[in-house]
Amino acid sequence: YEAKYFGKWAQKVDEIICDDPHVNTINMRAFAGDFLFINKTSSILEGHDIVLATNVAKFDLMGIGNHEFDQGLNTLNDLSSMSCAPFLCSNLDEEDLKIINALDHYSITKKGIVFGCVSFCIPETSFLTLVAKDLKFKNMDYVLTKNKDFLEKSDIKILLFHDNIENILEYFEINPSKLYLIDVIITGHQHIIVNSYIKRDAYQIPVIQAGVNAQVVGFIELNYNKRQKKLTNISNQSIEIPNNFPQKPEIKEISEWVEKITKPYFEKNIGIIKEYPLNGIETDIRSIETNLGDLITDAYLYTIRKVSPEFSLENIFSITNSGTIRNNSEFPINFEIKGETVSEIIPFNNYIVVFEIIGRTAVDKLIKSLAEKSFTNRNSGGWLQISENVKFDYKNNKYELISGSKNETDTFYVVTIDFIGNGGDGYDQFKELKELEYDIPTQNSLIEYIASFPGKPLPEIIYPSSGNRIIMNE
């Protein structure tokens with residue numbers, strides 16, 4: 001990065017980047033998880049582009065998050081071998097760490113100061129991500145108790161915490177004695193910008209989470225007294241990185257390599273938007289029904305109907321959490337959807353799953369439960385977008401499958417993504433239901449659905465902008 005993008009650090013950017021042995025400035029770079037498979041290229045390149053880039057940028061530490069498992073255990077293991085920075089996951093035991101080629105803790109000595117780091121990955125990963133179902137993620141007590149001696153011997157103690165921030169605040173409130181094992185907390189998972197502190201006597205532990213889509217970088221500045229072996233002044237700040245920031249030659253070379261490989265897929269024409277813009281603006285799609293949400297859930301429904309034509313057309317519906325829809329923009333009329341656009345809309349490597357339900361009463365009960373949970377998740381990624389065939393009526397407190405069989409012996413089907421099906425965003429309603437085996441990536445489903453639309457030379461995407469499936473009492 002150029003000096004002008006470093007805010008108040010601009011005057012010493014060369015010291016930070018170069019780590020000059022004659023200057024009393026030390027730079028440490030770390031991720032707190034979800035760094036491998038969260039952009040439109042890494043799902044195609046299986047994370048190799050990210051590891052190359054972080055190697056060039058000389059990252060020191062990588063905490064593992066739930067999305068690190070998106071491409072499977074073997075891929076994670078290989079990428080860990082390629083990375084110059086160690087992958088850490090302190091809440092797995094030794095046998096599980098071997099499976100993913102990660103470390104329990106890691107120590108770096110720079111200019112005579114020992115940095116000790118531990119990392120925590122959200123325990124729900126074992127059911128949020130299918131490939132991690134056999135891994136046993138432990139709690140924070142396990143991490144700090146096991147690593148107590150290691151941390152106490154470190155001059156500066158770092159926690160990479162990949163979970164909801166409220167959980168670490170609550171943990172230390174209940175366990176104040178454990179505060180002395182941590183000096184710095186870098187968090188991940190929620191994809192929000194946070195600069196905060198946890199009070200520890202006269203010292204405040206800085207807590208920082210930076211950035212959505214890598215557009216915001218978080219800085220924690222610590223002043224350390226080597227003679228007294230203690231931290232003094234602390235500050236943290238987030239800095240926005242412009243889209244047009246100058247690239248180092250090595251990064252530019254990687255970007256060109258990535259572009260060359262992904263170009264054929266990204267430039268493929270999928271369809272063209274007609275009559276109504278598609279609304280994917282984050283604040284809207286996480287609080288109301290939008291036509292982009294309708295398009296995506298209808299795509300999942302279309303795919304399953306196509307591969308399983310024996311299913312009753314009326315006894316099947318689809319839902320997805322709005323947090324997997326990431327473009328945060330509105331696509332205008334006459335905008336041409338390309339492969340790259342699909343990757344921007346749903347960049348995560350999710351798969352479609354289908355659950356079977358017997359009887360109208362049971363399906364009505366499930367829909368009511370889903371609607372109530374969605375309403376509590378409003379304004380977050382847990383808000384549900386829903387397909388045709390289903391309506392959530394908050395105004396009249398009614399939740400229903402439109403039409404459909406009334407029989408208690410008939411079979412119904414709910415289509416969703418593996419994240420929700422495995423309990424993501426608190427949707428645990430599927431644990432008791434029979435899951436049918438499918439292996440269909442969500443991006444493929446959306447592309448296939450758009451291709452089914454009429455229109456030449458490109459299929460025309462016509463989705464009205466007025467919501468008619470979610471009714472709320474405003």
*Going by heavy atoms in the side chains, are I234 and Y197 under 4.5 Å from each other?*
yes
*asked:* If I compare all heavy atoms of T187 with all of I185, which pair ends up nearest, and what's the gap?
replied: CG2-CG2, 3.6 Å
*Any F69 side-chain heavy atom under 4.5 Å of I64 side chain*: yes
Under 3.5 Å donor-acceptor pairs involving side-chain atoms of residues 367-374, not counting sequence neighbours:
| from | atom 1 | to | atom 2 | distance (Å) |
| --- | --- | --- | --- | --- |
| S369 | OG | Q429 | NE2 | 2.8 |
| S374 | OG | L384 | N | 3.0 |

*Exercise: identify the closest heavy-atom pair between S318 and S387*: N-OG, 2.8 Å
*F392 vs Y399 aromatic rings, parallel, tilted or perpendicular, using cut-offs 30° and 60°?*
perpendicular
_Can you list everything that forms a salt bridge (charged side-chain N to carboxylate O under 4.0 Å, His left out) with E256? Sequence neighbours excluded, please._
K252
*Going from CZ on F266 to CD1 on I261, what distance comes out if it is rounded to the nearest 0.5 angstrom?*
11.0 Å
*Where do G421 and V353 come nearest, in terms of heavy atoms and distance?*
CA-CG2, 4.3 Å
*asked:* So does I113 get a backbone contact from the side chain of K226, meaning a donor-acceptor N/O pair under 3.5 Å?
replied: no
*asked:* In the structure I gave you, are the side-chain heavy atoms of L436 and K434 within less than 4.5 Å of one another anywhere?
replied: yes
*Can you tell me how far CD1 of I168 sits from CD1 of I182, rounded to the nearest 0.5 angstrom?*
7.5 Å
*Can you sort out the partners of H162 under side-chain hydrogen bond (donor to acceptor under 3.5 Å, both in side chains), two or more places apart, ordered by chain and number?*
D34, N66, H189
*asked:* For the backbone of G382 and the side chain of Y427, can you confirm whether one donor and one acceptor N or O come within less than 3.5 Å of each other?
replied: yes
*If you measure from CD1 on I470 to CZ on F375, what distance do you get to the nearest 0.5 Å?*
11.0 Å
_Check: L92 and F137 side chains under 4.5 Å, non-hydrogen atoms_ = yes
*Is there side-chain contact between I296 and Y300, with heavy atoms separated by less than 4.5 Å?*
yes
_Applying side-chain contact (heavy atoms from CB on, under 4.5 Å) to N91 and C121, what does each step give before you reach the verdict?_
CA-CA 7 Å; N91 57 324; C121 179; 3.9 Å; yes
*Show your reasoning for whether ring-ring contact (aromatic ring centres under 6.0 Å, His included) applies to F35 and F87.*
CA-CA 11 Å; F35 61 94; F87 288 7; 5.5 Å; yes
*V363 and F317: CA distance, side-chain angles, deciding distance, side-chain contact (heavy atoms from CB on, under 4.5 Å) verdict*: CA-CA 10 Å; V363 79; F317 67 95; 4.0 Å; yes
*side-chain contact (heavy atoms from CB on, under 4.5 Å) between L295 and L292: does it pass, once the steps are laid out?*
CA-CA 5 Å; L295 174 71; L292 180 60; 4.1 Å; yes
*More than 12 heavy atoms of other groups within 6.0 Å of E166 CD*: yes
*Assess the side chains of T290 and D284: does a donor N or O sit below 3.5 Å from an acceptor N or O?*
no
_Out of the candidates L222, I108, I26, V114, only one should pair with I156 under the side-chain contact (heavy atoms from CB on, under 4.5 Å) rule; please name it._
L222
*At what distance, to the nearest 0.5 angstrom, does OG of S322 lie from CH2 of W383?*
8.5 Å
*Mind jotting down which residue pairs meet the side-chain hydrogen bond (donor to acceptor under 3.5 Å, both in side chains) criterion with at least one end in residues 68-83? Sequence neighbours excluded, please.*
H67-D70, S81-N101
*Are any non-hydrogen side-chain atoms of T320 and I420 less than 4.5 angstrom apart?*
no
*Partners meeting side-chain hydrogen bond (donor to acceptor under 3.5 Å, both in side chains) with H48 (sequence neighbours left out)*: none
*asked:* Test of understanding: with salt bridge (charged side-chain N to carboxylate O under 4.0 Å, His left out), list the residues that count as partners of E448, not counting sequence neighbours.
replied: K306
*Which value, rounded to the nearest 0.5 Å, describes the distance between L103 atom CG and M62 atom CE?*
13.0 Å
*State whether the side chain of Q443 and the backbone N or O of I346 hold a donor-acceptor pair below 3.5 Å, judged by distance alone.*
yes
_Qualifying residues under salt bridge (charged side-chain N to carboxylate O under 4.0 Å, His left out), relative to K138, sequence neighbours excluded_ = none
*More than 12 heavy atoms of other residues, nucleotides or ligands under 6.0 Å from CD of E435: is that the case?*
yes
*asked:* Is it the case that the side chain of S445 and the backbone of A299 share a donor-acceptor pair, with hydrogens and angles ignored and the cut-off at 3.5 Å?
replied: yes
*Can you list every pair that meets side-chain hydrogen bond (donor to acceptor under 3.5 Å, both in side chains) and has a residue in residues 337-347, with sequence neighbours left out?*
K40-E340, K40-E344, N269-K338
*asked:* Check the orientation of F120 and F161. Use parallel for under 30°, tilted for 30 to 60°, and perpendicular for over 60°.
replied: parallel
*Counting distance only, does the side-chain N/O of N225 pair as donor-acceptor with the main-chain N or O of Q228 below 3.5 Å?*
yes
*Would you check if the side chain of T297 reaches a backbone N or O of I386 as a donor-acceptor pair within less than 3.5 Å?*
yes
*How would you list, by chain and number, every residue that makes a salt bridge (charged side-chain N to carboxylate O under 4.0 Å, His left out) with K148, sequence neighbours excluded?*
E152
*Any idea which heavy atoms bring D294 and Q385 closest together, and the distance?*
N-OE1, 4.3 Å
*Should we say atom NZ of K153 is surrounded by more than 12 heavy atoms from elsewhere, each under 6.0 Å from it?*
no
_Selection residues 414-425 - residue pairs positive for side-chain hydrogen bond (donor to acceptor under 3.5 Å, both in side chains), sequence neighbours left out_ = N321-D425, N350-D418
_Please report the interatomic distance CD1(I345) to OG1(T324), rounded to the nearest 0.5 Å._
11.0 Å
_Can you list everything that forms a side-chain hydrogen bond (donor to acceptor under 3.5 Å, both in side chains) with K98? Sequence neighbours excluded, please._
none
*When you check the side-chain N and O atoms of Y142 and D93, is any donor under 3.5 Å from an acceptor?*
no
*Ignoring hydrogens and angles, tell me if any N or O in the side chain of R29 forms a donor-acceptor pair with the backbone of D60 under 3.5 Å.*
no
*Contacts of type side-chain hydrogen bond (donor to acceptor under 3.5 Å, both in side chains), residue S329, not counting sequence neighbours*: N327
_Quick check: do R200 and D183 have side-chain heavy atoms less than 4.5 Å from each other?_
yes
*Please examine the side chains of L135 and T125, heavy atoms only from C-beta on, and report whether any two atoms are closer than 4.5 Å.*
no
*Check F59 against A85 and note the closest heavy-atom contact, atom names and distance.*
O-CB, 3.2 Å
*Between I304 and V415, which heavy-atom pair has the shortest distance, and what is it?*
CG1-CG1, 3.8 Å
*Donor-acceptor side-chain pairing of D201 and Y180 below 3.5 angstrom*: yes
